[in-house]
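Naming convention: chains lettered A, B, ... in sequence-line order (proteins, then strands); numbering from 1 in each chain. These numbers were taken from a predicted model, which means no experiment stands behind them.
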Amino acid sequence: MTRDELIKAAYDAVCAYEEEKALEIAHQSVEAGIAESDMLGEGYGAGIRHLGDLFERGEVFLPELVVASEIMQNVAAYYESRMTQKPKRPGKIVLSTVEGDVHDIGKGIVAAMMKSQGYEIIDLGRDRSAADIVAAAVDNGADFIGTSALLTTTMPEQKKIEAIMKKEGLKGKIKTIVGGAPITQRWADRIHADIYAEDANAAIHKVAAMMSA
Amino acid sequence: MRVELAKKMRIDEAKAYVAEKLGVEVSELNDVSVMREVRNDLNIGEPNARPENAFGLIAKARIAKLLDIKIPSVEKFRGMIDAEF
Amino acid sequence: MAEEKKYFTRYGDGYSTYMTKDEIKKDVERGVEDAASRGKIDPLTEAEKSYIVDIITMPAKMASVEPGKEVVLSSDEGTLKASVRCGVSIDRTTAVAVEERILCMDSAELAHIDYSYKPIKPIIFDEVCAMQHAELNSIIPLFYGAMPNLGLYTKPDGPYDNWAELLPAGKVAEAREAQEKAAEQAAKDIVSVADHMVEAGADALNMDTVGASGDADALAAFTAMKEIHRKYPDFPVEMGMAGEFFLGMHGKLTFEGEQLAGMYPHEQVKIAEKAGATIFGPTINTNSSETFAWNLARTCTFIKACSEESTIPIHPNVGMGVCSMCLTDSVPLDAASRADKAIVEIGRADGL
């Protein structure tokens, strides 16, 4: 198969949730000398992002997204096993819903999707204080803090996180991602958060763009 | 609303049903000047409290009779009133 | 050349903006297309789209339906809004009287502060007494309302593992099993509360925010609805949805042979009818970052399709953050009244 055919096959295998096929294509791509970053980014990764779009429309469901995400992780592990030098993980992200907010479905979706892209996820669960979230990020050497707030009454917790970050001199060192139904770019700008993510796919794109900047 | 609940009727049908039972035009159901008189004449309760006006369950029982529908709370309390000692 | 006239309008988060008629038209077009494509439903007609633009650009601050097109109002959490949300120290029976005699509502809802069926069970006898007192003193239909709230059945609040944590960890089978067990228990809890509310003489029951925890949450509600209808065929129940489609947290759950995950309002209403619901409350999510025009056009497209499919009354949820209402604590009257008008006249709602 040509490079383009292999990339297409990788995309199709993820979208069809076919792990064996996905790994076989990974093997073929190594034999053909195609860059793993191309295969992961344009093939498998693009498949995951497509499924993310379908999930957001109610056409694909979370368990399927999780299965696809695991296929992607196993493919990445296969490529890793072929390398003499272990590749650096793209980043470490602390995730939580903010204090007073138990709505954790969206955060769980972001966790699954970001994992599929190779990020290390430290999921603090739900209803965690701003101080706890920042402390967990510092303790774990995280690159990002991602918080979700579904309620207008809990949105100010994201502002609290920014205030703690500023006070502790962490702004710029650890980037912040904010999301949730009432959250907008305007809110992110207002509280000086680094990234506003409308959904899981947006989080993937924006975090990747910031990492490569 | 009562007729939507009692008969699962859509709004246009429900309004026509109520208007017929009350002897008013559909357009008058939302006219406070008409409905104040209708409610007063039929003694089925009004927002402004007045002596002699039916209120609470009494008004509800009269509405059930007038609209020929079953109202769960009216049925419940009627059952309690009529229960054997 | 004179600058094109701009009209005051808003974004989904309530933030104000000014747009030209052409910009509004484009957003209406986009909103309709988005709903039609997601729901696989018919788009609005050109006349309907044009009418939405007229509603948004009309000069009056507040809009209203044409005479003769008035509808009735039901409300959720009614008795909690004064005392809990606004901090006005009144008891629930007084709150019902305020709704009836001061706000002139068409119905009211008695609710407990936890607003979920599960925590009501241990205090159900107090709730029955509260309902009886309120019923004795009110004329308008009185609902008892709460949410299925399947999240309360997950650890640490309940006995089952949290699928929102199991799934990202790749434990799909375990996540599915936890949801199935939680749905079964939740359905029993809802029926148990309904049993007592029938006994109390409640005029109706409201299952609010159905599907908030995904398709298993919806399964719990429909299963309970079917059982309540079997036991008490004349007892009215309103079912209000949490979002525009059932999120597939399980993905394989069915009710009456229909897969629940991914169902949009025009499909949800048919399941609600089969289960025996009296009134169906469709919900369309407001996108905070999109304009009011986009949100309203999208809402009307979905609601019209739902209304056309329905044989029972539909009361779209036009509260904060849904059905194009802005996601703000105090909803702006200009947007709220325009949304009401469009949803009734174009969406063909039977109530709100």
Side-chain angles (χ1 to χ4, degrees), chain B residues 1-19 24-32 34-36 39 42-50 53-67 69-81 83, chain C residues 65 67-74 93 96-97 100-108 128 131-144 197-205 232 234-238 273 276-280 307 310-315 344 348-352:
Chain B
M1 177 68 101
R2 283 284 177 206
V3 177
E4 280 193 3
L5 288 171
K7 294 182 177 286
K8 293 189 181 180
M9 275 184 187
R10 308 282 312 252
I11 188 71
D12 291 341
E13 195 187 353
K15 280 159 75 174
Y17 179 92
V18 174
V24 297
E25 296 295 322
V26 171
S27 60
E28 291 175 326
L29 287 174
N30 200 249
D31 185 331
V32 285
V34 173
M35 288 309 293
R36 185 181 160 208
R39 295 191 80 103
L42 298 171
N43 198 17
I44 53 174
E46 294 170 59
N48 294 335
R50 293 172 198 282
N53 257 15
F55 68 94
L57 191 77
I58 303 158
K60 247 186 303 205
R62 294 180 64 81
I63 289 168
K65 199 169 157 186
L66 201 61
L67 296 182
I69 56 170
K70 276 187 182 171
I71 294 180
S73 52
V74 172
E75 298 292 312
K76 163 73 186 171
F77 290 111
R78 181 174 288 134
M80 286 173 85
I81 292 163
Chain C
V65 294
K69 290 186 176 169
E70 299 87 355
V71 297
V72 290
L73 303 177
S74 47
T93 310
V96 170
E100 174 178 303
R101 310 186 81 80
I102 298 175
L103 300 176
C104 294
M105 279 290 291
D106 297 305
S107 67
V128 165
M131 175 54 85
Q132 287 179 330
H133 281 274
E135 284 285 13
L136 277 170
N137 289 297
S138 61
I139 304 173
I140 54 176
L142 193 51
F143 290 73
Y144 188 83
M197 282 302 146
V198 169
E199 184 59 27
D203 286 334
L205 193 77
Y232 318 107
D234 294 333
F235 183 55
V237 181
E238 177 166 352
E273 278 174 13
T278 314
I279 296 176
F280 178 72
S307 185
S310 184
T311 60
I312 59 175
I314 65 160
H315 287 197
V344 170
R348 298 168 201 172
D350 301 275
L352 300 172

Closest approach of P72(B) and A202(C), non-hydrogen atoms and distance? CB-O, 3.2 Å

Check whether A97(C) gets within reach of chain B through its side chain, its backbone, both or neither, counting any heavy atom under 4.5 Å. neither

If you take all heavy atoms of D350(C) and E4(B), which pair is closest and at what distance? O-OE2, 3.0 Å

In the structure I gave you, are the side-chain heavy atoms of S307(C) and R10(B) within less than 4.5 Å of one another anywhere? yes

Could you have a look at E199(C), E100(C), E238(C) and say which one has the most heavy-atom pairs with chain B under 4.5 angstrom? E199(C)

In short, E135(C) meets F77(B) closest at the heavy-atom pair CB-CE1, 3.9 Å

Residues K8(B) and I312(C): closest non-hydrogen pair is CD-CG2, 4.0 Å

When rounded to the nearest 0.5 angstrom, what is the spacing between CD1 in I279(C) and CG in L5(B)? 4.5 Å

Taking all non-hydrogen atoms of both residues into account, name the closest pair between M1(B) and S74(C) and its distance. CE-CB, 3.5 Å

Does F55(B) CZ have over 12 foreign heavy atoms under 6.0 Å away? no

Spatial distance of atom CD1 (I11(B)) from atom CD (E70(C)) [nearest 0.5 Å]: 9.5 Å

Quick one: what part of P141(C) sits under 4.5 Å from any heavy atom of chain B, side chain, backbone, both or neither? both

Exam field: side chain D203(C) to backbone S73(B), donor-acceptor pair closer than 3.5 Å: yes

Can you tell which of V237(C), L142(C), T311(C), V198(C) has the highest number of heavy-atom pairs within less than 4.5 Å of chain B? T311(C)

Under 4.5 Å heavy-atom distance to chain C, tell me which part of E46(B) shows up: side chain, backbone, both or neither. backbone

In this structure, CE of M131(C) is separated from NZ of K76(B) (nearest 0.5 Å) by 12.5 Å

Side chain, backbone, both or neither: which part of K15(B) has an atom under 4.5 Å from a heavy atom of chain C? side chain

Is chain B contacted by the side chain of F143(C), its backbone, both, or neither, given a heavy-atom distance below 4.5 Å? side chain

Among I102(C), D234(C), L136(C), which residue has the highest count of heavy-atom pairs closer than 4.5 Å to chain B? L136(C)

Quick one: CD1 on I63(B) to CD1 on I140(C), what's the gap to the nearest 0.5 Å? 10.5 Å

Evaluate the side-chain proximity of I139(C) to R39(B): yes if any heavy-atom separation is below 4.5 Å, no if none is. yes

For the CD atom on E75(B), are there more than 12 heavy atoms of other groups (residues, nucleotides or ligands in this structure) within a distance under 6.0 Å? yes

